[in-house]
Amino acid sequence: MTRESKFLQTLNGEVQAIPPIWFMRQAGRYLPEYREVRAKAGSFLELCFNPELAAEVTLQPIRRYDLDAAILFADILLIPHALGQELSFEEGEGPRLNPVVRPGDLAGFEKQDVTERLQSIFETVRRVRGELAQDKALIGFAGAPWTVATYMLAGRSVRDPAALREWYYRDEKFILALIDILTGKTIDYLIAQIDAGADAVQLFDTWAGGLPWPVLDAVSIRPLEKIAGAVRKARLGAPVILFPKGVGEKAVDYAQLRGCDGLGIDYGMDPGWARGNLSSHTVVQGGLDPLAVVAGGEKMMKSAETYLKLFHDVPYIFNLGHGFTPQTPPEHVAALVSFVRNGE
Ligand code: CP3
């Protein structure tokens, strides 16, 4: 049964006079109500694993802006955590994973049942779906195997993946074995999110950019094809959105994958190119530079208008080209939503 939701109808190929809107990182530190709940929870991880509070922060941006979709409050690094890798978030430094993964660790990972260890996340999904209005969609998500692997292999965010590329050339077998395990665990995790009430799922491949062609194919495109295909086969009604950040013209290869119902474009991609080369294959989502929303005003509106005009005659989901940053003024977000919906 399809929910009467503008977001899901768009993913199903319907063109809307006003596109559905949601934002990557719509729940987060830029919202004072988030910071309040976050302080109450203690740490970021405690917040992720507390269904009552995680459901609350998932719903906050919907209440504030009446967005068309909520995204589950969790993190892509909960999978490595569930696989047994120690995870912490240092204030102002981002995530730390210890110890860094080695070939000998794989057998242990393979044995872990991530759905067992992430039960509280599915409880959050059930709570949110129970509270969310029928015409709003709930998006579940996971990190793409390559992006998650970069954190597992480096123990932190890697701005320059040179060392990981080199590692790949030195020991392709190990890297692909890790990617393969993550692919399987991610399928289990996403299907369990859908069974708990997620209406659609998104895969974040934040660190796909800058990989040479055969490597990108092996570590990102093929695993995402496998995940999207498996999720679609197991749960026909739940669309899959891919967000491979920074892949440029290779976005076409993702858009053409069977099982890719929507494709998130990043702020570096020419939206005219995306309209010409991607919209014939899939539903395009996003693109607006999150920093335009930090600045706000005329520049933000003009930029939003570019996307609205280019995609007015095809199914399109309004979103950013990456997540909101903590310095985003919440009133700029309200002005943006009003501009997209009312033209002012
Ligand atoms: O609103 C939403 O988008 C839902 C929740 C969500 C979070 N992280 C919450 C979060 C989602 C979808 C993510 C995805 C995620 N997490 C990605 C892929 C998307 C992207 O932004 O590129 C990545 C790479 C991560 C890993 C991660 N989590 C990093 C690098 C950091 C630290 C940097 C930062 O922005 O703080 C996090 C922490 C994190 N995840 C926060 C939030 C709200 C901030 C934690 C806090 O409150 O202190």
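All ligand and atom numbering here is 1-based and tracks the order in the structure.
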Pick out the protein N or O atoms lying less than 3.5 Å from any N or O of ligand 1, and list each pair with its distance.
{"from": "ligand 1", "atom 1": "1 (O)", "to": "Q26", "atom 2": "N", "distance (Å)": "3.2"}
{"from": "ligand 1", "atom 1": "1 (O)", "to": "A27", "atom 2": "N", "distance (Å)": "3.1"}
{"from": "ligand 1", "atom 1": "1 (O)", "to": "A27", "atom 2": "O", "distance (Å)": "3.2"}
{"from": "ligand 1", "atom 1": "3 (O)", "to": "R25", "atom 2": "N", "distance (Å)": "2.8"}
{"from": "ligand 1", "atom 1": "8 (N)", "to": "R25", "atom 2": "NE", "distance (Å)": "3.3"}
{"from": "ligand 1", "atom 1": "8 (N)", "to": "R25", "atom 2": "NH2", "distance (Å)": "3.4"}
{"from": "ligand 1", "atom 1": "8 (N)", "to": "D75", "atom 2": "OD1", "distance (Å)": "3.2"}
{"from": "ligand 1", "atom 1": "16 (N)", "to": "R25", "atom 2": "NH2", "distance (Å)": "3.4"}
{"from": "ligand 1", "atom 1": "16 (N)", "to": "D75", "atom 2": "OD1", "distance (Å)": "3.0"}
{"from": "ligand 1", "atom 1": "21 (O)", "to": "H322", "atom 2": "NE2", "distance (Å)": "3.3"}
{"from": "ligand 1", "atom 1": "22 (O)", "to": "T206", "atom 2": "OG1", "distance (Å)": "2.8"}
{"from": "ligand 1", "atom 1": "22 (O)", "to": "H322", "atom 2": "NE2", "distance (Å)": "2.7"}
{"from": "ligand 1", "atom 1": "28 (N)", "to": "D75", "atom 2": "OD1", "distance (Å)": "2.7"}
{"from": "ligand 1", "atom 1": "35 (O)", "to": "R25", "atom 2": "NH1", "distance (Å)": "2.9"}
{"from": "ligand 1", "atom 1": "35 (O)", "to": "R29", "atom 2": "NH2", "distance (Å)": "2.9"}
{"from": "ligand 1", "atom 1": "36 (O)", "to": "R29", "atom 2": "NH1", "distance (Å)": "3.1"}
{"from": "ligand 1", "atom 1": "36 (O)", "to": "R29", "atom 2": "NH2", "distance (Å)": "2.6"}
{"from": "ligand 1", "atom 1": "40 (N)", "to": "D75", "atom 2": "OD1", "distance (Å)": "2.8"}
{"from": "ligand 1", "atom 1": "47 (O)", "to": "Y34", "atom 2": "OH", "distance (Å)": "2.5"}
{"from": "ligand 1", "atom 1": "47 (O)", "to": "R38", "atom 2": "NE", "distance (Å)": "2.8"}
{"from": "ligand 1", "atom 1": "48 (O)", "to": "R38", "atom 2": "NE", "distance (Å)": "3.1"}
{"from": "ligand 1", "atom 1": "48 (O)", "to": "R38", "atom 2": "NH2", "distance (Å)": "2.7"}

So, are [X] and [Y] salt-bridged, with charged N and O less than 4.0 Å apart?
X: R63; Y: E56; result: yes
X: D68; Y: R341; result: yes
X: D66; Y: K136; result: yes

Salt bridge (charged side-chain N to carboxylate O under 4.0 Å, His left out) against E305, all qualifying residues, sequence neighbours excluded |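 Once residues adjacent in sequence are excluded, the partners of E305 under the salt bridge (charged side-chain N to carboxylate O under 4.0 Å, His left out) criterion are K302, K309.
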Considering residues at least two apart in sequence or located in another chain, which fulfil the salt bridge (charged side-chain N to carboxylate O under 4.0 Å, His left out) criterion with K245?
->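 Expected list: none.
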Which pairs with one or both residues in residues 110-124 pass side-chain hydrogen bond (donor to acceptor under 3.5 Å, both in side chains), sequence neighbours excluded?
->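 Qualifying pairs: D113-T115, E123-R126, E123-R127.
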